[in-house]
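Remember, it's 1-based here, ligands and their atoms both numbered in the order they're listed. We're numbering straight along the sequence, starting at 1.
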Amino acid sequence: MTAAHLKASFVVVANRLSVDRVTEDDGSVSWRTAPGGLVTALEPVMRQRGGAWVGWHGASDEEVEPFEHEGYTIQPVPLSHSEVEEYYEGFSNATLWPLFHDSVAFPEFHREWWDAYVTVNQRFAEKTAEVAEDGATVWVQDYQLLLVPQLLREMRPDLRIGFFLHIPFPPVELFQQLPWRRQILEGMLGADLVGTQVPGGASNFLRLVRTRTQHKVERDRVRVEGSHTCVARAYPISIDSAGFEELANSPEVIAEAEALLDELGHPKQVFLGVDRLDYTKGLRQRVRAMGELFQEGKLDPADVVFFQVATPSRERVDEYRRLRDDIDLLVGRINSEVGGVGRPAIVYRHSSFPRSTMAALYRIADVMVVTPLRDGMNLVAKEYLACHPGEDGALVLSEFAGAARELRQAYMVNPYDLNGMKDVLLHAATDSPRNRRRRMRALKRQVRENTIEAWADRFIDDLGSLGREPRQQEA
Ligand code: GDG
């Protein structure tokens, strides 16, 4: 039987597939694991469980046949050029993304974008209905597919449907701005289980359901009349901790870390930032804070380097182009003002690196700087803790990252408070070895004990048991 005919009892549905297509110079095509938080988290789950992954393959106006990959089936969903513009770059990334991240950039509302969003969500639901076997468990992912749970339930009431939101669910006052707020709430309510990164997200959602719909809400349960019960809870996502630790301790990565230190001229301290180039990640503020520390002589560029990786992201969205220019300018200006004639104070790379290079960077970072203005979780913080060897390291973490709820021993900052952030960055770099070790020990334990497998098991187990209760009662 071909992959096209294979039905699955476990289906993950996400905007993007877990793989990116790479076309080699000789024209041959291969598939490589895509970067980004959602894929980092779910790819190991799929390898372990098998099933199907329904998602867009990344090229417009092109149909790709299903195929097998690492023990599961890839089920591509096609998008036209204008759908990429309106559903993906538009409604997903220029309306929902900024709105759900506290409006740190101004969300745009366009009716044509909404229409495309509905059409594409419908297509994802149809594809899923086609590949899910009778009574299958379907796990819909993230803000691009908020309508899929309801659409899918209408087509396939036999399915057990989970939904997980990787980004924050915004405060009630912000969400209310959305002209399509009721449709989106009803869309999500099609799930048996709605998961958010932190409890605040689930309670924002429940509060909105209570005020904006007719459904009865009792604690974390919403009774969708004549249909099912939807439960909303927090499931803080994590990483494949053991996998990252093993990678970071492999001879190749250790050698790469040494080579990196050679290249950097063996500075006394390495500060590191790793982010998609996204305005939610607080890069402007971070670069400014580090720049001022160099300019004021509080950090000596002869001893200290700030290494910032900014992975290219959503480059066709205006706000992201502006951000790229701003950071280029800011880094250039700082580097032209501070330091000697050798290596610059800020080493800035606007590119994507293999995971092994990421692990090598985490190994050499004395201070990991994770300062988003708002972030659902932030896996980079957790990857650092899994990869950095020993206990002499430091994590500087924004209180507005979901990860801050769990990683309480981090050096916490408010990224909007530049002076406060500068103080904490210095404190993290100069704190006594004893304090740094005490904090790192607790943080590393947290990440080692809360793995991605535990996260997926918890969600899927809950989905299995919660989904059955109302149906039994109704029988
Ligand atoms: C969303 C939410 C939530 C980055 N550059 C490269 C690369 N990466 C990898 C990192 C990490 C992932 O991408 C980024 O994950 P984050 O969690 O930091 O951020 P988002 O992409 O915004 O993820 C976030 C997450 O979903 C999961 O729920 O935590 O809050 O916004 O794994 O290592 N990987 C490689 N090369 C790069 O250049 N190989």
Is Arg363 salt-bridged to Glu256, going by a charged N under 4.0 Å from an acidic O?
no
One pair to check against side-chain contact (heavy atoms from CB on, under 4.5 Å): Glu85 and Arg316. What are the steps and the verdict?
CA-CA 9 Å; Glu85 275 179 6; Arg316 289 158 49 94; 3.7 Å; yes
Which heavy atom of [X] sits nearest to which heavy atom of [Y], and what is that distance?
X      : Y      : result
Val45  : Ala41  : CG2-O, 3.7 Å
Leu277 : Ser313 : O-CB, 4.0 Å
Ala381 : Leu407 : CB-CD1, 4.1 Å

Would you say ligand 1 has an N or O under 3.5 Å from any N or O of [X]?
X      : answer
Met358 : no
Trp97  : no
His101 : no
Gly376 : yes
Asn378 : yes

Donor-acceptor pairs under 3.5 Å, side chain of residues 236-244 to any protein atom, not counting sequence neighbours: which ones?
unit_1: Ser238; atom_1: OG; unit_2: Asn450; atom_2: O; d: 2.5
unit_1: Asp240; atom_1: OD1; unit_2: Gly243; atom_2: N; d: 3.1
unit_1: Ser241; atom_1: OG; unit_2: Ile239; atom_2: O; d: 3.4
unit_1: Ser241; atom_1: OG; unit_2: Val447; atom_2: O; d: 2.8

First locate atom CD1 of Ile452, then atom CD of Glu43, and finally report the distance between them rounded to the nearest 0.5 Å.
11.5 Å
Could you pull out, from Arg276, Lys382, Met377, the option with a heavy atom nearest to atom 22 (O) of ligand 1?
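Heavy atom nearest to atom 22 (O) of ligand 1 belongs to Arg276.
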With respect to atom 36 (N) of ligand 1, which of Trp455, Phe353, Phe164 exhibits the smallest heavy-atom separation?
Phe353
[X] contact mode with ligand 1 (heavy-atom cut-off under 4.0 Å):
X      : result
Thr311 : side chain
Ile237 : side chain
Lys281 : side chain

Any side-chain donor paired with an acceptor under 3.5 Å for Glu108 and Thr95?
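Looking only at side-chain atoms, Thr95 and Glu108 do not form any donor-acceptor pair under 3.5 Å.
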Counting each atom of ligand 1 from 1 as listed, which ones have a heavy atom of [X] under 4.0 Å away?
X      : answer
Gln197 : 3 (C), 28 (O)
Ser352 : 36 (N), 37 (C), 38 (O)
Arg355 : 39 (N)
Glu383 : 10 (C), 11 (C), 32 (O), 33 (O)

Neighbour count above 12 (heavy atom, 6.0 Å) for Asp25 CG
no
Less than 4.0 Å is my threshold; does some heavy atom of Tyr362 fall inside it relative to ligand 1?
yes
Test: salt bridge (Lys or Arg N to Asp or Glu O under 4.0 Å). Region: residues 381-391. Which pairs qualify, not counting sequence neighbours?
Lys382-Glu406, Glu391-Arg441
